[in-house]
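What follows is one structure encoded as structure tokens, with my remarks underneath.
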Amino acid sequence: MSVFTHLVAELGRLLEPVLAQSATAAAIVLFTVLVRLALHPLSRAAFRGATPAAGCLPVLLQLPVFFVMYHAFSSAEVGGKANELLGHRLFAAPLGSRWTDALGEGGLFGAQGLVFLGLFAAITVVAAWSAVRGRRTAAAVAAAAGAAPAKAGAGKKPGARAGAGAGVMAEVSAEQQEVMRKLGGVLPLLSFGTLITAAVVPLAAGLYLVTTTAWSVAERAWLQYRKERAEQRSEQRADQPVDGGVRSSL
């Protein structure tokens with residue numbers, strides 16, 4: 001943990017000429033971004049569904065970082081010496097303080113309380129963005145699953161008999177569609193759990209949470225955008241030879 005505190009302290013000193021007393025808070029955000037950049041290849045693999053473990057690794061690898069962040073701003077001493085990080089602030093609120101501490105130092109709308117309210121507002125915006133995207137994704141997947149049997153049935157030749165396999169496929173698709181509908185209504189709400197966590201951990205850990213959550217949502221939106229663009233280009237390339245063959249035959 002002493003290595004972590006030293007790294008954050010050094011990043012804070014580099015940013016101090018520009019950000020003054022909030023330099024360490026900015027260093028935490030910068031440190032979080034560096035961690036997420038290092039995990040980006042795993043996040044891409046998880047998005048593409050390369051391996052089942054790929055989806056869990058980015059989350060699991062962040063847990064030690066979060067726990068180190070939590071303990072670094074909860075311990076009075078690090079390596080037998082006074083913890084220098086506890087003296088740093090984000091505006092009026094110490095980075096080692098919790099929301100309950102802020103309520104005791106001026107109330108909900110006191111100087112420290114306003115800092116936590118700003119953090120909670122940022123987490124709420126990110127969670128709402130994540131929830132909206134989650135619902136849209138679940139609806140799109142459910143619609144695609146429901147349209148698949150119809151397309152398969154339309155592609156059959158007239159007079160062809162539908163086998164038992166087709167009925168099973170349709171039944172499975174219907175069950176999957178119902179599961180997706182239910183999950184689409186519940187899973188997006190889990191993103192608001194970060195708000196509860198941020199209310200009970202030190203302010204520094206809350207900064208880590210809001211930064212990594214915002215990164216996750218933005219990263220997934222960017223990967224989805226790139227996937228859709230790649231699919232559009234593939235469709236365009238697939239259509240070009242057909243057009244050329246039609247023109248040449250004319």
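As the structure is a computational prediction, the values presented were derived from the model and not from experiment.
- With values rounded to the nearest 0.5 angstrom, Phe66 atom CZ is found 9.5 Å from His71 atom NE2.
- Every residue meeting the ring pair (Phe, Tyr, Trp, His ring centres under 6.0 Å) condition with Trp222, not counting sequence neighbours, appears here in chain and number order: Tyr225.
- Among residues two or more places apart in sequence or in another chain, the salt bridge (Lys or Arg N to Asp or Glu O under 4.0 Å) test is passed with Glu105 by none.
- Contact of the Val65 side chain with the Phe31 side chain is registered, since non-hydrogen atoms from C-beta on lie closer than 4.5 Å.
- To the nearest 0.5 angstrom, Lys227 atom NZ is 13.5 Å from Arg44 atom CZ.
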Pair Leu60-Leu63, side-chain contact (heavy atoms from CB on, under 4.5 Å): steps then yes or no: CA-CA 5 Å; Leu60 293 177; Leu63 289 178; 4.2 Å; yes
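- With Ser130 contributing its side chain and Val126 its backbone, the two residues share no donor-acceptor pair below 3.5 Å.
- Every residue meeting the ring pair (Phe, Tyr, Trp, His ring centres under 6.0 Å) condition with Phe120, not counting sequence neighbours, appears here in chain and number order: Trp99.
- Rounded to the nearest 0.5 Å, atoms CG (Leu114) and CG (Leu119) are 12.5 Å apart.
- Here the options are Leu95, Thr24, Leu30, Val68, the test is side chain to side chain contact (heavy atoms under 4.5 Å, CB included), and the partner is Val8; only Thr24 passes.
- Leu39 contributes atom CG, which lies 11.0 Å from atom CG of Leu34 (distance to the nearest 0.5 angstrom).
- Glu235 CD to Arg237 CZ: the interatomic distance, rounded to the nearest 0.5 Å, is 10.5 Å.
- Checked against salt bridge (Lys or Arg N to Asp or Glu O under 4.0 Å), Arg13 has the following partners two or more places apart in sequence or in another chain: Glu10, Glu84.
- For the pair Val33/Thr211, a side-chain contact is recorded, criterion being any heavy-atom separation below 4.5 Å from C-beta on.
- A donor-acceptor contact shorter than 3.5 Å is absent between the side chain of Arg98 and the backbone of Asp101.
- Judged by distance alone, the side chains of Gln236 and Gln232 never bring a donor and an acceptor atom under 3.5 Å apart.
- Cluster annotation: Leu90 is not connected to Leu19 through the hydrophobic network of ILVMFWY side chains, with a link wherever side-chain heavy atoms come within less than 4.5 Å.
- Considering only heavy atoms from C-beta on, Pro94 comes within 4.5 Å of Gln112 through its side chain.
- Residues satisfying the salt bridge (Lys or Arg N to Asp or Glu O under 4.0 Å) criterion with Arg36, sequence neighbours excluded, are Glu219.
- Within the model, atoms CZ of Phe73 and NE2 of His88 stand 8.0 Å from one another, a figure rounded to the nearest 0.5 Å.
- Residues near Ile196 contribute nothing to a hydrophobic cluster around it, because no ILVMFWY side-chain heavy atom sits closer than 4.5 Å to its side chain.
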